[in-house]
Amino acid sequence: MKAGRPQSEEPYVAQIFADIIEPGARSGELATDLAPERVGNLPQDVYSDALYRWSQHTQAGRASELDDELQAALKVLPDGIATVDHV
């Protein structure tokens, strides 16, 4: 995480996830109306957001575990992209 400015790294990890999502959407295991590139960005978005929330809790004196924040956020992702038949 870079403080004070947006991240500008190449989305290598996002492309890896997009490459995984695309065949699942084609086969019907994942929702077919997904944009693989957008779904590929979600893990990084979830991580950045969880890290931000965790840092705010720490500054406010409300201790929480970063792992708990990440687990809670990532738990929602598979259900959101899966088709009803495969959940």
Side-chain angles (χ1 to χ4, degrees):
M1 173 136 281
K2 296 179 178 148
R5 63 177 182 215
Q7 292 181 332
S8 61
E9 298 153 353
E10 292 295 321
Y12 300 114
V13 174
Q15 187 58 52
I16 291 169
F17 280 108
D19 291 346
I20 293 168
I21 296 300
E22 192 171 9
R26 276 197 315 263
S27 72
E29 293 178 71
L30 302 177
T32 57
D33 61 345
L34 296 173
E37 302 79 25
R38 286 187 182 159
V39 176
N41 285 318
L42 286 174
Q44 176 65 38
D45 295 345
V46 166
Y47 171 75
S48 297
D49 191 52
L51 187 59
Y52 175 77
R53 279 193 317 276
W54 172 78
S55 72
Q56 297 306 301
H57 288 175
T58 301
Q59 289 177 5
R62 296 183 317 234
S64 67
E65 294 293 325
L66 179 57
D67 181 60
D68 293 340
E69 291 286 341
L70 287 168
Q71 293 294 330
L74 289 172
K75 196 177 209 179
V76 177
L77 185 58
D79 291 339
I81 64 174
T83 59
V84 175
D85 295 339
H86 290 89
V87 174

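Just so we're clear, the structure is a prediction, and the values are computed from it rather than from any experiment.
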Report summary line: Here the pair of heavy atoms bringing G40 nearest to F17 is CA-CB, 3.6 Å
Report summary line: d(L42 CG, L34 CG) to nearest 0.5 Å is 9.0 Å
Query raised in the report: How long is the span from the OH atom in Y52 to the OH atom in Y47, to the nearest 0.5 Å?
Result: 15.5 Å
Requested in this report: Name all residues meeting the side chain to side chain contact (heavy atoms under 4.5 Å, CB included) criterion together with R26; count only those two or more places apart in sequence or in a different chain, and write none if there are none.
Outcome: E22, P23
Requested in this report: Over all heavy atoms of both residues, which pair between A18 and P36 is shortest? Give the atoms and the distance, please.
Outcome: CB-O, 3.3 Å
Query raised in the report: Sequence neighbours excluded, which residues qualify as side chain to side chain contact (heavy atoms under 4.5 Å, CB included) partners of A72?
Result: none
Query raised in the report: Within the distance-only criterion (no hydrogens, no angle test), does the side chain of S48 pair as donor or acceptor with the backbone N or O of D45 below 3.5 angstrom?
Result: no
Report task. Output the distance between atom CG (D68) and atom CH2 (W54), rounded to the nearest 0.5 Å. Result -> 12.0 Å
Query raised in the report: For D19, which residues count as a side-chain hydrogen bond (donor to acceptor under 3.5 Å, both in side chains) partner, sequence neighbours excluded?
Result: Q15
Query raised in the report: Among all residues two or more places apart in sequence or in another chain, which pass the side chain to side chain contact (heavy atoms under 4.5 Å, CB included) test with A25?
Result: none
Report summary line: In this structure, CD1 of I21 is separated from CZ of R38 (nearest 0.5 Å) by 14.5 Å
Query - Heavy-atom closest pair, residues A50 and L70 - result: CB-CD2, 3.6 Å
